[in-house]
Amino acid sequence: MREHDRLFIGGQWTIPAGTGTIDVISPHTEEVVGRVPDGTPADMDAAVAAARAAFDHGPWPRMTPAERAEVLGRLSAIYAERQQAMADLVTEQMGSPILFSIFGQAALPQMVLQYYADLAATFTWDEERPGMLGPVTVTREPVGVVAAIYPWNVPQFTLMLKLAPALIAGCTVVAKPSPEAPLDAYLLAEWIQEAGLPPGVVNFVPAGRETGAYLVEHPGIDKVAFTGSTAAGREIGAACGRLLRPATLELGGKSAAIICQDADLDVTIEGLKMASLMNNGQACAAQTRILAPRSRYDEVADALAAMVSGLAVGDPADYGTEIGPMVARRQQERVENYIRIGQDEGAKLLTGGLTRPHDQGWYVAPTVFADVGNGMRIAREEIFGPVLVLIPYEDEDDAITIANDSDYGLGGSVWTSDVDHGVDLARRVRTGSCGVNLYVLDPNTPFGGYKSSGLGRELGPEGLNPYLEYKAIPRPTPA
């Protein structure tokens with residue numbers, strides 16, 4: 001039992017304003033494994049005030065990028081030494097299989113942190129331009145106080161996409177963890193203290209949606225960075241538009257994996273195990289629409305069903321587990337409801353379905369539907385669980401049409417023996433990223449989506465720009 005009775009505000013562990021608490025429940029045992037304060041608007045006021053003071057009067061924005069990078073480097077080194085503890089904690093609180101957690105919930109966030117610490121040395125912070133009317137200095141300055149609101153599925157990764165660039169830019173941050181997965185924030189806060197970040201630069205207030213909405217509209221906030229559902233993103237985007245407040249929104253997805261006629265099926269199916277089912281299918285970029293040429297459709301269906309039916313489902317702390325539980329009972333019920341919808345729509349159930357793999361825990365049987373039309377709800381709506389739909393296509397033009405016929409545009413992949421041709425096809429897919437014979441997120445490259453998958457980009461140098469303001473300083477031409 002991990003019990004915390006304080007909030008991390010202003011560099012100190014402070015007594016919360018309210019008495020409410022959040023129980024953290026293991027999705028495997030259905031038992032309470034942690035408890036933290038339920039943040040209130042008054043707590044958000046305190047956190048924003050601390051971040052505001054740290055930005056307006058503290059040393060962090062006034063340090064050089066190299067000086068900030070040195071501090072972030074210390075934090076990165078602490079993180080690198082203790083990744084296993086973070087992986088174990090995230091697995092315990094939200095059910096991610098431990099092998100995925102070691103990389104996706106711990107190593108990858110640390111890589112992002114180190115990437116931005118290193119970027120400080122090569123990024124152009126100031127430049128001289130020969131203006132048309134005289135010389136001009138163009139400088140980048142931190143945008144201010146950032147509200148970072150992030151979800152439960154990959155909490156450290158989605159936080160670090162915001163926290164690392166914000167910090168190297170010189171911003172201060174109020175972070176709101178989700179109520180399902182707040183425990184890792186406490187561990188990170190301890191490391192932040194140890195690394196020596198100035199008080200108020202990073203503040204954590206776990207809370208529910210209403211308090212998060214209060215943070216979004218707080219007058220002391222200069223920018224909002226959000227990862228979560230498209231529905232919530234629309235509300236946040238509308239609020240920020242009304243306030244003329246910049247926002248980065250990384251939202252939902254319904255990504256397509258295009259299997260080409262010449263694809264090596266063994267390699268493809270093994271690659272889709274991660275690309276389509278990572279983190280128990282609870283990933284915004286998961287390739288859950290599998291597009292197969294009609295000439296190989298039955299072959300693909302058999303191979304996909306065999307792979308999915310053979311997955312090891314069970315205790316996420318077990319190193320042999322490939323699929324763990326859904327994060328909460330409501331998520332289990334949501335996914336099972338989509339399985340019912342697929343059956344009602346006339347899709348063919350190849351494996352999985354409504355029989356639960358375990359009596360205890362919020363498990364869903366990994367499921368594959370065939371004979372799916374792209375207009376079906378199971379092909380258009382984000383299920384966020386281990387449910388794949390197999391859609392036939394006639395030729396590559398048809399495959400591109402189907403892939404792009406979506407409200408979303410986040411990820412995707414092309415599977416082929418001709419990599420150059422795969423790149424050509426990937427260029428035609430209207431998404432923020434599209435891999436060839438794999439799907440990965442590289443810290444040096446931008447991540448984000450088209451259409452209802454969000455606004456803006458995270459990762460890469462592009463992920464730093466939203467945390468900067470550009471200032472032009474013209475001056476007279478020297479005599």
Side-chain angles (χ1 to χ4, degrees), residues 2-4 7-8 16 18 20-28 32-41 43-44 47 86-87 89-96 100-101 104-106 109 146-163 173-189 202-216 224-236 247-253 279-284 316 324-335 362 382 384-385 454 458:
R2 305 170 188 265
E3 192 156 10
H4 302 278
L7 299 171
F8 188 67
T21 58
I22 297 169
D23 284 345
V24 182
I25 303 175
S26 162
H28 172 62
V32 176
V33 294
R35 183 172 293 117
V36 302
D38 187 359
T40 66
D43 294 314
M44 286 301 182
M86 184 64 77
L89 180 56
V90 175
T91 286
E92 181 180 28
Q93 71 179 346
M94 57 72 57
S96 182
F100 178 85
S101 282
Q105 310 281 18
V146 175
I149 303 173
Y150 58 101
W152 48 261
N153 62 325
V154 275
Q156 282 291 295
F157 178 65
T158 51
L159 169 62
M160 207 57 73
L161 297 183
K162 302 154 185 56
L163 185 64
V173 179
V174 177
K176 191 200 83 66
S178 75
E180 291 83 5
L183 298 176
D184 57 287
Y186 281 83
L187 185 57
L188 181 60
V202 182
N203 308 270
F204 288 102
V205 182
R209 185 168 181 170
E210 290 184 2
T211 304
Y214 179 83
L215 175 63
V216 167
V224 175
F226 171 77
T227 298
S229 72
T230 296
R234 291 185 193 280
E235 294 180 8
I236 291 171
T248 302
L249 306 174
E250 196 276 286
L251 309 177
N279 203 27
N280 309 331
Q282 298 173 134
C284 53
M326 301 294 93
V327 71
R329 185 180 303 280
R330 72 173 190 284
Q331 187 67 15
Q332 178 191 47
E333 293 171 350
R334 169 189 167 89
V335 175
W362 298 316
E382 188 175 39
F384 226 62
E458 297 179 309

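What you see is a predicted model, and the numbers here were worked out from it, not measured in a lab.
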Do any N or O atoms from the side chain of [X] and from the backbone of [Y] form a donor-acceptor pair under 3.5 angstrom?
X: Ser101; Y: Val90; answer: no
X: Gln156; Y: Ala106; answer: no
X: Asn280; Y: Pro325; answer: yes
X: Asn203; Y: Val173; answer: yes
X: Lys176; Y: Ala148; answer: no

Hey, are [Y] and [X] close enough side-chain-wise for a donor-acceptor pair under 3.5 Å?
X: Ser96; Y: Thr91; result: no
X: Gln282; Y: Asn153; result: no
X: Lys162; Y: Thr248; result: no

Check: What distance do Phe226 atom CZ and Leu215 atom CG have between them, rounded to the nearest 0.5 Å?
Finding: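 Phe226 CZ to Leu215 CG: 12.0 Å, rounded to 0.5 Å.
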
Checklist line | Minimum heavy-atom distance between Phe157 and Gly104, given as atom pair plus value | finding: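 For Phe157 versus Gly104, the nearest heavy atoms are CB-O, 3.8 Å.
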
Next item on the list: List the atom of His4, the atom of Leu183, and the distance in Å for their closest heavy-atom pair.
Entry: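 Scanning both residues completely, I find the closest heavy atoms to be CD2-CD2, 4.1 Å.
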
Next item on the list: With side chain to side chain contact (heavy atoms under 4.5 Å, CB included) as the test, would you mind laying out the steps for Val224 and Ile236 before giving the verdict?
Entry: CA-CA 8 Å; Val224 175; Ile236 291 171; 3.9 Å; yes

Margin query: Under the criterion side chain to side chain contact (heavy atoms under 4.5 Å, CB included), I'd like the reasoning laid out for Arg209 against Glu235: C-alpha separation, chi angles, the key distance, then a yes or no.
Written below: CA-CA 11 Å; Arg209 185 168 181 170; Glu235 294 180 8; 3.2 Å; yes

Notebook entry, point to check: When you check the gap from the basic side-chain N to the acidic O, do Glu382 and Arg334 get nearer than 4.0 Å?
Noted result: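 Between Arg334 and Glu382 there is no salt bridge, as every charged N stays at least 4.0 Å from the carboxylate O atoms.
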
